[in-house]
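Here's the structure we're looking at; comments come further down.
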Amino acid sequence: MAHSDGTFTSDHAVSRAGIADTWAVLRDVMLPTLAKGPLIRRRPVVARAERQRLDDRAVARLQALRDRHGPGPLELRIPFRRQAVILCAEDARRILAAAPEPFAPATREKRAALGHFQPAGVLSSQGHDRVIRRRLNEDVLETGCPVHSMALRFAAMAEEEMAEVARIALDRGVLDWDLFFTGWYRMVRRIVLGDAARDDHAVTDMLERLRRNGNLAFLWPKDRALRRRFLDRLRDYLDRADPHALAGRMAAACTDPAQMPHHQLPQYLFAFDPGGMASFRALAMLAIHPEIEAEARDQIRAAGDDPAARLPLLRAAFLDVLRLWPTTPAILRETTRDVAWGRGELRAGTQVLIFAPLHHRDDRVLEQAHRFDPGLWGQGPDRPDLGLLPFSHGPGICPASRFVPMVAGFALRALLSRMRLDLHPDQRPKRARLPGTLDPYALGFAASPA
Ligand code: HEM
């Protein structure tokens with residue numbers, strides 16, 4: 001618990017890792033996560049992570065360190081950078097609840113990475129700027145609402161784009177990642193920027209190049225000319241202000257130029273990429289759990305012609321896939337001052353790593369850690385009581401934490417209502433012990449009419 005004097009009561013001591021344990025965390029947890037690509041995945045590395053079971057190894061490493069050092073924060077011995085790893089769900093929840101002071105989301109590393117394309121995005125903002133930019137994002141995405149007021153429009157966009165994907169898949173007899181993802185991003189550009197952006201591949205291609213540079217954060221020079229062209233293009237969309245898209249909503253909701261709406265929109269475009277990955281993995285989970293798929297199909301039938309029906313099982317399936325394979329595995333915070341923590345202290349300027357896979361796959365806490373279980377998800381997009389934080393938690397929680405599952409539900413419904421999808425036999429993971437990595441780019445389905 002946090003006290004008014006800024007100290008945190010905890011039974012958990014802060015401990016210090018020696019050189020061997022620090023190296024083990026770097027080798028097994030941090031370097032593989034960076035190698036996969038924090039802002040855009042490097043496909044060959046994701047494939048290698050699956051083959052070599054790197055994510056399972058990362059979780060096992062942190063569990064072993066917790067056995068040895070106890071559940072409190074573990075400080076690593078890294079020169080020039082104070083760094084701690086959080087080893088239990090309770091500490092993760094407390095830290096995330098205490099944003100942005102004293103645990104700030106805008107860490108140095110994040111600002112360096114996001115500075116390649118959205119230096120004034122809320123995630124890298126501090127102080128008053130953070131407050132007003134957060135408010136703009138919450139207004140546009142209607143953060144607290146389970147169903148967005150523009151849901152009907154977005155459901156229609158998902159229907160149209162996924163109908164096209166299904167038509168081609170049925171024609172070929174196969175649904176693969178590239179086909180799915182092309183349709184997914186047509187839908188995303190329409191939802192975010194408007195119908196005029198449906199085929200504006202150039203805007204997402206520019207962002208892809210900037211994200212690749214951003215993967216290297218400080219280590220790669222900023223391409224300022226490309227960043228200017230990209231942000232100018234977003235400004236054009238905001239000026240056009242399509243009232244049926246989020247950009248139009250943002251232009252109308254912006255009350256202060258310091259909210260920098262064109263710096264908020266890149267996140268809307270790039271963060272739908274993991275939404276696509278999780279949706280495709282959800283199709284794989286439904287394919288190997290026919291009893292859950294049958295129930296989901298019943299809900300789709302019961303929804304009938306209501307385009308914006310809630311579809312709770314599809315939403316829960318999507319959330320459980322984000323639990324099993326979190327698309328933001330490293331949630332980072334930085335202490336803005338010295339923080340007294342139980343019997344120890346986290347010094348000012350410490351970067352704190354909450355490694356979501358540890359908490360989501362912690363078989364010491366969660367009996368169903370390695371199984372697909374949509375039943376874990378009730379109403380909200382997080383389960384801090386169990387350490388399940390696919391969208392983070394607290395004041396810095398993803399403002400789209402209800403919006404994304406809603407859109408994913410529309411897209412999954414549109415695909416499932418048209419097709420039966422059978423995962424290729426050599427790609428069917430074991431239900432009883434799902435792997436730590438599931439490469440979405442390699443998944444392929446045999447498609448037949450529903
Ligand atoms: C599967 C899809 C997504 C996941 C798993 C996800 C997850 C997250 C997480 C974990 C954070 C917190 C990061 C941190 O504290 O370091 C975050 C922040 C954020 N997300 Fe998402 N997100 C997704 C999609 C989206 C989409 C589609 C949008 C916009 C349309 C969005 C907008 C934001 C914004 C603006 C922030 C910064 C919030 C702040 O700093 O106050 N996200 N997201």
Side-chain angles (χ1 to χ4, degrees), residues 33 38-39 41 92 95-100 103-111 113-114 118 120-127 129-143 148 150 154 184-185 187-193 245-247 249-250 259-261 263-282 315 318-334 351-357 359-360 381-382 384 388-409 411 440:
T33 305
L39 288 178
R41 296 289 187 269
I95 286 169
L96 294 175
F103 292 100
T107 72
R108 254 183 286 159
E109 286 74 0
K110 247 190 257 179
R111 277 183 281 143
L114 295 171
Q118 53 174 43
V122 59
L123 197 44
S124 13
S125 303
Q126 291 160 307
D129 283 344
R130 175 173 181 80
V131 174
I132 58 174
R133 291 170 189 166
R134 174 80 198 185
R135 192 187 316 133
L136 178 64
N137 281 288
E138 290 194 1
D139 286 352
V140 172
L141 295 163
E142 299 180 9
T143 302
H148 195 274
M150 294 161 78
F154 299 148
W184 176 263
Y185 253 93
M187 173 193 80
V188 169
R189 284 188 298 263
R190 289 178 67 188
I191 291 175
V192 175
L193 301 176
L246 294 176
R249 171 60 82 85
M250 186 173 275
Q259 288 175 312
M260 303 285 275
H263 284 242
Q264 311 311 317
L265 283 182
Q267 181 117 12
Y268 288 37
L269 290 173
F270 91 75
F272 260 116
D273 176 346
M277 291 195 263
S279 300
F280 210 54
R281 287 175 175 138
R315 177 189 151 283
F318 178 79
L319 288 172
D320 208 45
V321 161
L322 283 177
R323 172 185 68 83
L324 288 161
W325 299 286
T327 52
T328 312
I331 304 180
L332 301 173
R333 293 290 181 263
E334 190 168 296
Q351 178 164 259
V352 175
L353 166 64
I354 295 168
F355 189 65
H359 309 291
H360 293 190
D382 56 354
L388 309 181
L389 320 150
F391 288 99
S392 180
H393 169 68
I397 192 171
C398 175
S401 56
R402 293 178 193 268
F403 187 81
V404 180
M406 177 195 80
V407 172

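First listed ligand is number 1; within each ligand, the first listed atom is number 1. All values reported here derive from a predicted model rather than from experimental measurement.
Residues Ser124 and Lys110 are not in side-chain contact: their nearest non-hydrogen atoms beyond the backbone lie 4.5 Å or more apart. Contact check for Thr328 versus Leu322: no side-chain heavy atoms found under the 4.5 Å cut-off. Put simply, the side chain of Ile191 reaches to within 4.5 Å of the side chain of Phe403, judged on heavy atoms. The shortest distance between side-chain heavy atoms of His148 and Arg249 falls below 4.5 Å.
Ligand 1 is never approached by Gln264 to a heavy-atom distance shorter than 4.0 Å. For Arg133, the closest heavy-atom approach to ligand 1 does not fall below 4.0 Å. Assignment of Pro390 to the shell around ligand 1 is supported, since a heavy atom sits closer than 4.0 Å.
Using a 30° and 60° split on the angle between ring planes, Trp184 and Phe272 fall in the perpendicular class, above 60°.
The two residues Arg333 and Ser392 come nearest to each other via the heavy atoms NH2-OG, 3.5 Å. For the residue pair Thr143 and Asn137, the shortest heavy atom distance occurs at OG1-O, 4.4 Å. What you find for Leu389 and Ile331 is that their closest heavy atoms are O-CD1, 3.7 Å. Residues Ala97 and His393 come closest through the heavy atom pair N-CD2, 4.4 Å.
Note: an N/O pair closer than 3.5 Å links Arg333 and ligand 1 by distance alone. At least one N/O-N/O distance between Lys110 and ligand 1 falls below 3.5 Å.
Annotation for ligand 1: atoms under 4.0 Å from non-hydrogen atoms of Asn137 are 35 (C). Under a 4.0 Å criterion applied to the non-hydrogen atoms of Gly275, ligand 1 contributes the atoms 1 (C), 2 (C). Counting atoms of ligand 1 from 1 in the listed order, those under 4.0 Å from a heavy atom of Arg134 are 38 (C), 39 (C), 41 (O).
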**Candidate pair Leu353 and Leu332, rule side chain to side chain contact (heavy atoms under 4.5 Å, CB included), full reasoning** = CA-CA 5 Å; Leu353 166 64; Leu332 301 173; 3.8 Å; yes
**Request:** Using the side chain to side chain contact (heavy atoms under 4.5 Å, CB included) rule, take Gln118 and Phe270 through it: C-alpha gap first, then chi angles, then the decisive distance, then the call.
**Result:** CA-CA 11 Å; Gln118 53 174 43; Phe270 91 75; 4.1 Å; yes
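No part of Leu389 comes within 4.0 Å of ligand 1, judged by heavy-atom distances.
Here the side chain of Glu138 pairs no donor or acceptor atom with the backbone of Pro399 at under 3.5 angstrom.
Nearest non-hydrogen protein atom to atom 13 (C) of ligand 1 is Leu123 CD1, 4.2 Å. Distance from atom 37 (C) of ligand 1 to its nearest protein heavy atom, with residue and atom name: Val122 CG1, 3.7 Å. The closest protein non-hydrogen atom to atom 5 (C) of ligand 1 is Thr327 OG1, 3.2 Å.
Excluding waters, the set of protein N, O or S atoms lying under 2.8 Å from atom 21 (Fe) of ligand 1 comprises Cys398 SG.
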